[in-house]
Student: 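Take this structure, written in structure tokens, and hold onto it; I'll ask about it next.
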Amino acid sequence: MPSGCEIVEGSISDGGVYENGVVGWTFTVEAYGSGSVSFSCVMGSDTQGSIVKNTAAVTFYPFDGNTSEKEVTLFDTVSTPILADPVKSA
């Protein structure tokens, strides 16, 4: 999870679990198939104007028994907006 991100309760799809700052899923994808999972989070006010990068570690267990892991970028790096304070703006 990116620093400053708070999971939205009930938003983790497909039986995923959130534990120790990590959202995780275990599922099988058929050869040449695809899968997708999702969750939602709210960024804290302390992240305004900062760069947020969300990555994932994907672990593959092919039939030959060799395990491989790859880190992938889930979305482009984004900058959280600096929002105007409605009280100060009035």
Side-chain angles (χ1 to χ4, degrees):
M1 295 294 303
S3 177
C5 181
E6 182 179 324
I7 292 289
V8 173
E9 186 174 338
S11 70
I12 301 173
S13 72
D14 303 291
V17 295
Y18 178 66
E19 186 175 298
N20 299 322
V22 175
V23 179
W25 293 267
T26 300
F27 59 95
T28 301
V29 176
E30 299 293 327
Y32 305 103
S34 64
S36 65
V37 293
S38 65
F39 67 92
S40 296
C41 71
V42 175
M43 300 306 293
S45 61
D46 59 331
T47 63
Q48 286 186 1
S50 62
I51 302 296
V52 178
K53 184 176 181 182
N54 194 8
T55 59
V58 179
T59 305
F60 303 92
Y61 298 97
F63 294 113
D64 64 7
N66 294 319
T67 301
S68 64
E69 186 170 298
K70 181 177 182 178
E71 186 172 288
V72 294
T73 300
L74 298 178
F75 296 103
D76 291 334
T77 302
V78 297
S79 176
T80 59
I82 299 175
L83 304 174
D85 185 335
V87 175
K88 291 181 182 178
S89 298

Student: What is the minimum heavy-atom distance between S11 and V8, and which atoms define it?
Tutor: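 So the two residues come closest at OG-O, 2.7 Å.
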Student: What disulfide bond (SG atoms under 2.5 Å apart) pairs are there with at least one residue in residues 2-41, not counting sequence neighbours?
Tutor: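 Sorted result for residues 2-41: C5-C41.
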Student: For residues 13-26, dump all side-chain donor-acceptor pairs below 3.5 Å to protein atoms at least two apart in sequence or in another chain.
Tutor:
residue : atom : partner : partner atom : Å
S13     : OG   : S38     : N            : 2.8
S13     : OG   : S38     : O            : 3.3
W25     : NE1  : S13     : O            : 2.5

